[in-house]
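Everything quoted here is computed from the prediction, not taken from an experiment.
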Amino acid sequence: MPLMGKTIGERKPDYFTMTIKRQDGPDGESYYERFRIPYEPNMNVISALMQIRLNPVTMDGDQTTSPSWDAACLEEVCGSCSMRVNGRPCQACTQLIDELEEPVMLEPFSRFPVVRDLVIDRSRMFQALKRVTAWNPLDGTYDLGEGPQVSQEDQQEMYKYASCITCGCCMEACPQVSEDAPFIGAAALGQAYLFNLQPNGKKKQNDRLEALMGPGGVGDCGNAQNCVRVCPKEIPLTDAIAALGRQLTWYSVKSFFRR
Ligand code: SF4
Ligand code: SF4
Ligand code: FES
């Protein structure tokens, strides 16, 4: 139960409680363990996990193993520390304990296979990037000369989408995404839109649109907007999805008359 609706930062307790959903391996049963962690101002979720690693003893006094989690950059750049914190998908390295209500609950993402404890397998995101050719193909490493001019407005528009860190928060929050559903997800759609904007990327625009026409493509988005609410980079994903929808309509009309 939240303690009087106050955040941990407002209460500044000596200790706070953290419950972690654990799983020993991909096929293991999940279980929960509770820990009592000494509070420090400005600590993030990763530093709380490191406190448990120093002394992996549950609140019941049982010795246990240190929970596993993923992290690399610790500055919201690599996207590897994604987890649900008090039910919300976020990056553990930038989620401050001070902003949370107690008890703190950490869970792995539910839309991705669990590798162990809080570590998930985000391969489906990288497969989705492959499906939409989220890169500019080059046919060699020789000097290609000057690149095409890009206006300031287009650079600013592209920059929003280029900040994606493939964290998967948008996928975790999306009601259309599940381990079995074919929907490609908002992140890959944002990247398809980004590469369709680029002068060099436009060469593969038709391939991207073809890849997004069928099941699992743009049409599977239900416009619930959850993706935008949880994206740590505040990427306007639904704008990209709407723009791709318009591109797909034009592409379908042109394809019809080309027959
Ligand atoms: S708008 Fe809704 S359905 Fe579409 S990708 Fe975002 S969360 Fe999913
Ligand atoms: S679009 Fe946002 S939430 Fe989705 S993977 Fe990229 S950074 Fe994460
Ligand atoms: S550790 Fe890289 S985003 Fe959190």
Side-chain angles (χ1 to χ4, degrees), residues 1-125 165-169 171-174 177-180 230 232:
M1 289 278 288
L3 296 177
M4 296 180 294
K6 285 194 170 179
T7 62
I8 293 173
E10 286 167 332
R11 293 192 298 109
K12 300 197 184 337
D14 291 337
Y15 292 85
F16 66 95
T17 309
M18 180 179 264
T19 302
I20 303 179
K21 185 177 183 185
R22 304 200 57 178
Q23 188 173 319
D24 295 342
D27 302 319
E29 288 289 316
S30 59
Y31 57 96
Y32 290 86
E33 284 184 341
R34 276 196 315 157
F35 299 90
R36 196 162 170 260
I37 300 171
Y39 167 77
E40 286 171 32
N42 301 320
M43 69 195 301
N44 59 19
V45 168
I46 300 283
S47 36
L49 284 165
M50 290 170 83
Q51 289 283 345
I52 298 173
R53 178 175 284 173
L54 286 175
N55 182 28
V57 176
T58 69
M59 274 184 76
D60 299 327
D62 297 327
Q63 186 73 40
T64 185
T65 53
S66 166
S68 297
W69 71 89
D70 220 347
C73 69
L74 299 180
E75 54 182 2
E76 209 175 77
V77 171
C78 72
S80 66
C81 65
S82 301
M83 60 183 74
R84 291 179 82 96
V85 179
N86 286 359
R88 182 181 167 82
C90 68
Q91 302 310 107
C93 64
T94 47
Q95 175 60 64
L96 296 177
I97 295 295
D98 281 340
E99 295 168 345
L100 300 170
E101 288 182 11
E102 203 174 348
V104 177
M105 168 75 82
L106 307 188
E107 296 163 289
F109 275 3
S110 60
R111 312 285 211 267
F112 295 79
V114 173
V115 177
R116 184 182 168 99
D117 295 334
L118 301 165
V119 181
I120 51 154
D121 178 357
R122 287 179 297 140
S123 301
R124 69 178 296 174
M125 299 202 67
I165 58 175
T166 327
C167 65
C169 289
M171 306 271 288
E172 178 67 10
C174 177
V177 172
S178 72
E179 274 202 49
D180 307 323
V230 298

Quiz item: How close do P56 and S66 get, heavy atom to heavy atom, and via which atoms?
Solution: CB-N, 4.0 Å
Quiz prompt | Contact summary for E99 and T7, nearest pair of heavy atoms | solution = O-CG2, 3.6 Å
Practice problem: Any chance you could lay out the side chain to side chain contact (heavy atoms under 4.5 Å, CB included) test for F35 and T64, step after step, and finish with the verdict? | Solution: CA-CA 11 Å; F35 299 90; T64 185; 3.8 Å; yes
Quiz item: Hey, which of T58, L49, D117 is the one that makes side chain to side chain contact (heavy atoms under 4.5 Å, CB included) with I20?
Solution: L49
Quiz item: What closest approach, in Å, do G5 and E101 show between heavy atoms, and which atom pair accounts for it?
Solution: O-OE2, 3.1 Å
Quiz item: Out of curiosity, E76 CD to I165 CD1, how far, rounded to the nearest 0.5 Å?
Solution: 5.0 Å
Practice problem: Let me see the working for D24 and Y31 under side chain to side chain contact (heavy atoms under 4.5 Å, CB included), right down to the final yes or no. | Solution: CA-CA 9 Å; D24 295 342; Y31 57 96; 2.7 Å; yes
Practice problem: Would you name the heavy atoms of C81 and I46 that are closest together and state the gap between them? | Solution: CB-CD1, 4.2 Å
Quiz item: For the atom pair CG (N44) and CE (M50), what is the distance rounded to the nearest 0.5 Å?
Solution: 9.0 Å
Self-check item: P113 and E179, any side-chain heavy atoms less than 4.5 Å apart
Solution: yes
Quiz item: So do the side chains of R84 and F109 get within less than 4.5 Å of each other, counting heavy atoms only?
Solution: yes
Practice problem: May I have the step-by-step check of side chain to side chain contact (heavy atoms under 4.5 Å, CB included) for E102 and Y15, ending in yes or no? | Solution: CA-CA 10 Å; E102 203 174 348; Y15 292 85; over 6 Å; no
Exercise. For E29, look at atom CD and say whether over 12 heavy atoms of other residues, nucleotides or ligands are found less than 6.0 Å away.
Key: no
Self-check item: Expected output: side-chain E172 to main-chain S110 donor-acceptor under 3.5 Å
Solution: yes
Exercise. Would you kindly say whether S82 and Q91 are connected by a side-chain donor-acceptor distance under 3.5 Å?
Key: yes
Quiz item: Do other residues, nucleotides or ligands put more than 12 heavy atoms under 6.0 Å from D14 CG?
Solution: no
Quiz item: Distance-only, no hydrogens or angles: does the R122 side chain make a donor-acceptor pair with backbone N or O of G79 under 3.5 Å?
Solution: yes
Quiz item: Does the pair E40 and Q51 meet the rule for a side chain to side chain contact (heavy atoms under 4.5 Å, CB included), with working shown?
Solution: CA-CA 11 Å; E40 286 171 32; Q51 289 283 345; 3.4 Å; yes
Quiz item: What is the distance from atom CD of Q23 to atom CD1 of I120, rounded to the nearest 0.5 Å?
Solution: 12.0 Å
Quiz item: Atom OG in S47, atom CG in N42: separation rounded to 0.5 Å?
Solution: 9.5 Å
Self-check item: Pairwise distance OG1(T17) to CZ(R36) - rounded to 0.5 angstrom
Solution: 7.5 Å
Quiz item: Roughly how far apart are I37 CD1 and F16 CZ, rounded to 0.5 Å?
Solution: 4.0 Å
Exercise. Check whether any side-chain N or O of N86 sits under 3.5 Å from a backbone N or O of M105 as a donor-acceptor pair, and report yes or no.
Key: yes
Quiz prompt | Heavy-atom closest pair, residues C93 and E75 | solution = SG-N, 3.9 Å
Exercise. Indicate the atoms forming the closest heavy-atom contact of L118 with K21, along with that distance.
Key: CD2-O, 4.2 Å
Quiz item: Does C174 offer a backbone N or O that forms a donor-acceptor pair with the side chain of R111 under 3.5 Å?
Solution: yes
